[in-house]
Amino acid sequence: MAKKKKRSGRLRVDIIVVVSIIVLLVTFFSYMLNTSLEDVLADQRGEGVIITHTSSADK
């Protein structure tokens with residue numbers, strides 16, 4: 001008879017990696033859905049900065 005190899009250690013590492021990736025994705029998408037671009041830009045550049053987008057065709 002062949003000896004049975006222990007896979008419980010390897011299985012636990014795989015489960016931890018998969019759960020960590022799922023938690024990372026859930027956290028990332030919840031942040032992206034609940035945070036607007038205007039909020040991030042206001043935090044980074046200040047409230048008084050107005051950001052506009054112009055096209056060269058408008059001139």
Pairs involving residues 29-38, ordered by first then second residue, that meet side-chain hydrogen bond (donor to acceptor under 3.5 Å, both in side chains) (sequence neighbours left out) | Ser36-Asp39
Compare all side-chain heavy atoms of Leu25 with those of Phe29 and state whether any distance is below 4.5 angstrom.
-> yes
Mind checking what makes side-chain contact (heavy atoms from CB on, under 4.5 Å) contact with Leu37, not counting sequence neighbours?
-> Leu41
Only counting residues at least two apart or in another chain, list the ones meeting side-chain contact (heavy atoms from CB on, under 4.5 Å) with Val19.
-> Ile15, Val23
Would you kindly confirm whether Val40 and Phe28 end up in one hydrophobic cluster when ILVMFWY residues are joined by side chain heavy atoms under 4.5 Å apart?
-> yes
